[in-house]
Amino acid sequence: MSSENSVRVRFAPSPTGYLHVGGARTALYNWLYAKKKGGKFILRVEDTDQERSTIEALNMQVGDLKWLGLLWDEGFDVGGPHTPYKQSERLSIYKQKANELIDAGKAYPCFCTEQDLEKKKEIAQKEGRPPHYDGTCRNLDVQQSLKRMAGGDKAAIRFKVDSSKSYTFHDLIRNEVTFPPNMVGDFIVLRSDGMPVYNFCCVVDDGMMKITHVLRAEEHLSNTLRQMMIYESFNWPLPLFGHLSIILGEDRQKLSKRHGATSCHEFMKQGYLPEALLNFISLLGWSSPTAQEIFSIDELIKQFDLDRMTPSPAVFDQKKFNWVNATHLRALPNEELWSRLVPYLDEHKVGYKKDVAWQSQALEAFKSSMETLMDGVQLFRYIDDNHFEVSAEGLETLKWKEAEPVLRAWIDVVRNHPHDFITEAEFADLQNKVKDQSGQKGKFLFMPMRVSVIGKPHGTELKLLIPLIHKKVLIERAEKCLKI
RNA sequence: GUUCCCAUCGUCUAGUGGCCUAGGACACUACCCUUUCACGGUAGAUACAGGGGUUCAAAUCCCCUUGGGAACGCCA
């Protein structure tokens with residue numbers, strides 16, 4: 001494939017906070033498409049809003065993308081043929097392009113103040129007209145205006161819109177979209193402080209960076225009109241656009257902070273796997289022709305295509321996400337799962353043994369009840385020698401008249417055990433001894449025993465739990481329970 | 001207000017005029033496995049927003065209504 005016609009896509013976040021799942025999905029689809037087509041994935045930073053953009057936020061976004069493994073071929077930090085990739089470093093380019101527009105009579109300086117515009121808009125609203133710019137400065141003599149600007153007068157640069165024209169483009173997801181005439185008024189291209197505006201830099205950058213496909217969120221659909229006008233004014237070919245549906249919360253409102261966790265960073269902290277998050281959000285607006293739902297990243301690249309995208313909005317279903325995560329988690333080999341879990345255990349100060357066999361055995365015991373790595377943290381806390389806590393339910397169980405004989409028998413049996421640890425096979429034997437000595441069976445046998453091991457009557461099978469805990473600790477815990 | 005976008009089980013979706021008495025997945029219910037909790041297995045319930053057309057035939061095409069969303073910024 002020649003580089004001339006190969007796919008070039010970009011993700012262009014504005015650094016104002018952590019990466020949201022919506023942004024992550026946009027990045028994912030772009031990235032998948034680039035991988036699939038052997039194209040380039042470009043990370044461009046849209047930081048022209050100086051009020052809200054911060055370097056910290058940029059670092060967070062970059063960190064989240066790296067966590068997800070959505071790495072870029074060209075970008076603000078790795079360079080590329082169209083450097084710089086940070087809009088705040090491209091200001092002279094936008095200025096130059098805006099001047100080209102002015103020279104060509106396609107844009108003009110506007111001296112109206114914000115207050116002027118506010119008033120005009122109000123009047124327009126009242127009179128039932130669309131709140132477009134009324135064109136006060138449109139017919140000013142350009143040379144005159146430029147002189148005023150040189151003299152220090154502040155002016156924004158406005159694009160001259162041909163309000164008689166309608167615009168149609170073919171959306172990759174929505175097919176034909178038509179904007180009728182007179183949808184927008186003359187819009188700002190450069191602010192009076194010289195900073196360019198989103199719609200302008202977006203086109204200048206996409207054009208100059210030779211972007212071939214623009215996959216972005218649906219809220220940009222109506223921006224496409226203005227952007228088409230700008231492409232036209234530069235005589236640049238239009239990229240292919242695809243507008244992704246938005247992601248909603250359970251209440252069918254656009255997903256936002258009040259729906260709980262919505263940023264990749266939060267999901268990471270809650271113990272979700274990056275490949276599971278990617279897998280799950282890939283399904284929000286796309287489906288595989290094979291109806292497969294669990295994918296590795298490579299499978300996703302292989303199966304992904306733009307012709308299976310849905311235009312309707314999707315609700316973020318936390319339960320299904322949990323299932324996807326659990327499925328990925330349980331499919332991980334134990335060593336791999338352990339290496340993912342350890343940072344969480346450390347962060348939450350849960351102790352563990354350095355012994356690989358022990359780790360693997362514990363994981364084997366807990367895997368089936370783990371949906372997230374944080375579930376793992378909770379589970380490992382139960383077998384941490386330094387944590388023992390009896391739950392309310394555990395307390396109830398200990399009040400049973402059957403509890404005491406079981407615990408006494410248990411302590412006795414464990415004490416007489418010749419080794420520091422009890423194997424699964426040995427436990428089968430010990431369990432019978434406790435049964436005989438205490439005269440209890442069924443739940444009256446197992447529940448008090450389990451409370452003495454993990455502090456609660458329900459949970460992991462005892463035969464899997466016991467081999468993980470040192471005999472001394474088992475006795476200690478049972479004795480503690482007797483005293484309650 | 002105007003314009004644009006959207007509309008299949010609770011949720012994600014399959015479906016591109018006959019294969020649809022609408023398929024899959026999550027969730028849900030029941031049963032099985034089981035000392036418990038999970039895991040796993042089996043079975044089940046649940047949807048084409050409404051109304052008009054077009055057609056021999058419509059979830060699929062067209063129109064209207066309704067509902068949801070977005071845009072109309074010197075935010076992105």
Worksheet item: What string of B, S and - do you get for nucleotides 5-13 of chain B, 5' to 3', when a contact is any protein heavy atom under 4.0 Å?
Response: BSS---BBS
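Here H132(A) lies in heavy-atom contact (under 4.0 Å) with sugar-phosphate atoms only. Backbone-only contact: E46(A) has heavy atoms under 4.0 Å from sugar-phosphate atoms and none from a base. When heavy atoms are screened at a 4.0 angstrom cut-off, L117(A) is found touching base atoms of the nucleic acid. C112(A) comes within contact range of at least one nucleobase, with a heavy-atom separation under 4.0 Å.
Among rU35(B), rA70(B), rC74(B), the nucleotide with an atom closest to any side-chain atom of A156(A) is rC74(B). The side chain of S192(A) lies closest to rC74(B) when the candidates are rC74(B), rG1(B), rC4(B).
For N223(A) against rA76(B), a side-chain-to-base donor-acceptor contact under 3.5 Å is present. A donor-acceptor contact under 3.5 angstrom links the side-chain atoms of S368(A) to the base of rA38(B).
Position along RNA chain B of the nearest nucleotide to M309(A) versus M447(A) favours M309(A) as the more 5'-ward residue. Closest-nucleotide positions on RNA chain B for R450(A) and D49(A) were compared, and the one nearer the 5' end corresponds to R450(A).
Checking side-chain atoms of N325(A) against main-chain N and O of E371(A) turns up a donor-acceptor pair under 3.5 Å. Of the possible donor and acceptor atoms, one in the side chain of K106(A) sits under 3.5 Å from a partner among the backbone N and O of S233(A).
Shown for residues 397-408 of chain A: no residue has heavy atoms falling under 4.0 angstrom of RNA chain B.
A cation-pi arrangement is absent between R226(A) and F159(A), since the terminal nitrogen or guanidinium carbon is not both under 6.0 Å from the aromatic centre and inside a 45° cone about the axis.
Base pairing analysis places rA70(B) opposite rU3(B); the two distances defining the Watson-Crick or G-U wobble pair are each below 3.5 Å. Here rA27(B) sits opposite no nucleotide as a Watson-Crick or G-U wobble pair (both hydrogen-bonding atom distances under 3.5 Å). rG40(B) is paired with rC32(B) under the Watson-Crick or G-U wobble criterion, all donor-acceptor distances under 3.5 Å. In this structure, rA22(B) forms no base pair with any nucleotide, since neither Watson-Crick nor G-U wobble geometry is met with both distances under 3.5 Å.
The distance between atom CE of M183(A) and atom P of rC72(B), rounded to the nearest whole Å, is 10 Å. With rounding to whole Å, L445(A) atom CG is found 11 Å from rU35(B) atom P. Here the P atom of nucleotide rA70(B) and the CZ atom of R216(A) are 17 Å apart, to the nearest Å.
rA25(B) and rC62(B) have their P atoms separated by 31 Å, given to the nearest Å. The gap from the C1' atom of rA49(B) to that of rC31(B) amounts to 36 Å, rounded to the nearest Å.
Contact check, Q253(A) against rG69(B): a side-chain N or O comes under 4.0 Å of OP1 or OP2.
Contact check on R10(A) versus D206(A) returns a salt bridge, with a Lys/Arg side-chain nitrogen under 4.0 Å from an Asp/Glu carboxylate oxygen.
Residues passing the side-chain contact (heavy atoms from CB on, under 4.5 Å) test with K119(A), sequence neighbours excluded: none.
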